[in-house]
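Everything below concerns the one structure shown next.
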Amino acid sequence: MTPRVGVITFPGSLDDKDAARAIQLVGGTYVALWHADADLHSVDAVVLPGGFSYGDYLRCGAIAKFAPVMEKLVDAANGGLPILGICNGFQILTESHLLPGALTRNDHLHFICRDQKLRIENNNSAWTSNFEIGQEILIPLKNGEGGYVADEKTLDELEGEGLVIARYIERNPNGSRRDIAGISNASGNVVGIMPHPEHAVEKLTGPTTDGLGFFTSLLKSLVNNGKVSA
Amino acid sequence: MFLRENVGFPMAIVVVDVALKPEILDPQGRAVMGALGRLGLNDVAEVRQGKQFVLSIDGEVDDAKLEQIKEIASTLLSNPVIEDFTVQVRP
């Protein structure tokens, strides 16, 4: 049985089909989930895609957190369901308090779109287990509100517990505290990342195929947890 | 002929102001401050940009309604991780 990976589409989501393609490339089955449908349709994992849910009105991700599907997702997250939030999806995860901190306006105020080098800092999460710690990857980054902020105590906890999964290297593109590009929750099933692994899965369209590692990691963790057979 | 359909029903205005917490960098406020200097206002030490929500409520705002609005201010209208808010009933 191949793993069923849901991708939630909100009004204004942009990268849901890219995420679906990445899931299919590693052998998963894409399940379309809809913001207004309060049902996760028995998926084995969920991706919250990039884009501008609800036009980014109010704050990025703020309105999405009250979508009918999100109540189910929060329960499922607390029950251990693997969830990856990319860009706007990361913003939705912090707004929903599934991950600490917040994403704020880039310190230089410009929208940025470029290939960004990252260093993987944690390979214990459901979405990073196929990487080596210290591995450098290059994947696209595109955001206007990607500055990761949290109070010093929260930042110290994230560092102390090894929950920073990836850091920007060579240059910090948006003023993120401590160069944080992505974080995980304590149990490792919920991960948020600002750059876009799903845009680096094929040589034709991406700078690398480094993004595949997030999706192969998911499959590995589902097999290890006995959710699907190898 | 009768332009105001709600004549006889009191309207209350509740104003929710949302501001970034002091320790959070406000790049928009900083950009506005740069423009102030170019307009000749040079003695401004800092500009912080916020948001204001004006809720026009049908009927009166009692304590229960005010509590409900405060709850919404802390969950939807503001993000308590980075923002503070105030709620005022406008007389």
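Protein chains get the first letters and strands the later ones, always in sequence-line order, with residue 1 at the start of each.
- Between B/Gln28 and A/Leu109, the closest side-chain pair of non-hydrogen atoms falls below 4.5 Å.
- Proximity of a side-chain donor or acceptor of A/Lys65 to a complementary backbone N or O of B/Thr75 within less than 3.5 Å is detected.
- In this structure, B/Arg30 contributes its side chain and A/His108 its backbone to no donor-acceptor pair below 3.5 Å.
- Proximity to chain B (any heavy atom under 4.5 Å) is shown, for A/Asp151, by neither the backbone nor the side chain.
- Within the 4.5 Å cutoff, side-chain heavy atoms of B/Glu83 are placed close to those of A/Arg59.
- Looking at every heavy atom in both residues, A/Leu58 comes nearest to B/Leu76 through CD2-O, 3.2 Å.
- With a 4.5 angstrom heavy-atom cutoff, B/Lys21 does not touch chain A via any of its atoms.
- With contacts defined as side-chain heavy-atom distances shorter than 4.5 Å, the pair A/Thr94/B/Val81 does not qualify.
- B/Gln49 has its side chain out of reach of A/Arg105: every pair of non-hydrogen atoms, C-beta onward, lies at least 4.5 Å apart.
- Residues A/Thr104 and B/Leu25 have side chains not in contact (no heavy-atom distance under 4.5 Å, counting atoms from C-beta outward).
- For chain A, the nearby part of B/Ile24 is the side chain; its heavy atoms alone come within less than 4.5 Å.
- In A/Lys117, the NZ atom is not crowded: 12 or fewer heavy atoms of neighbouring residues, nucleotides or ligands sit closer than 6.0 Å.
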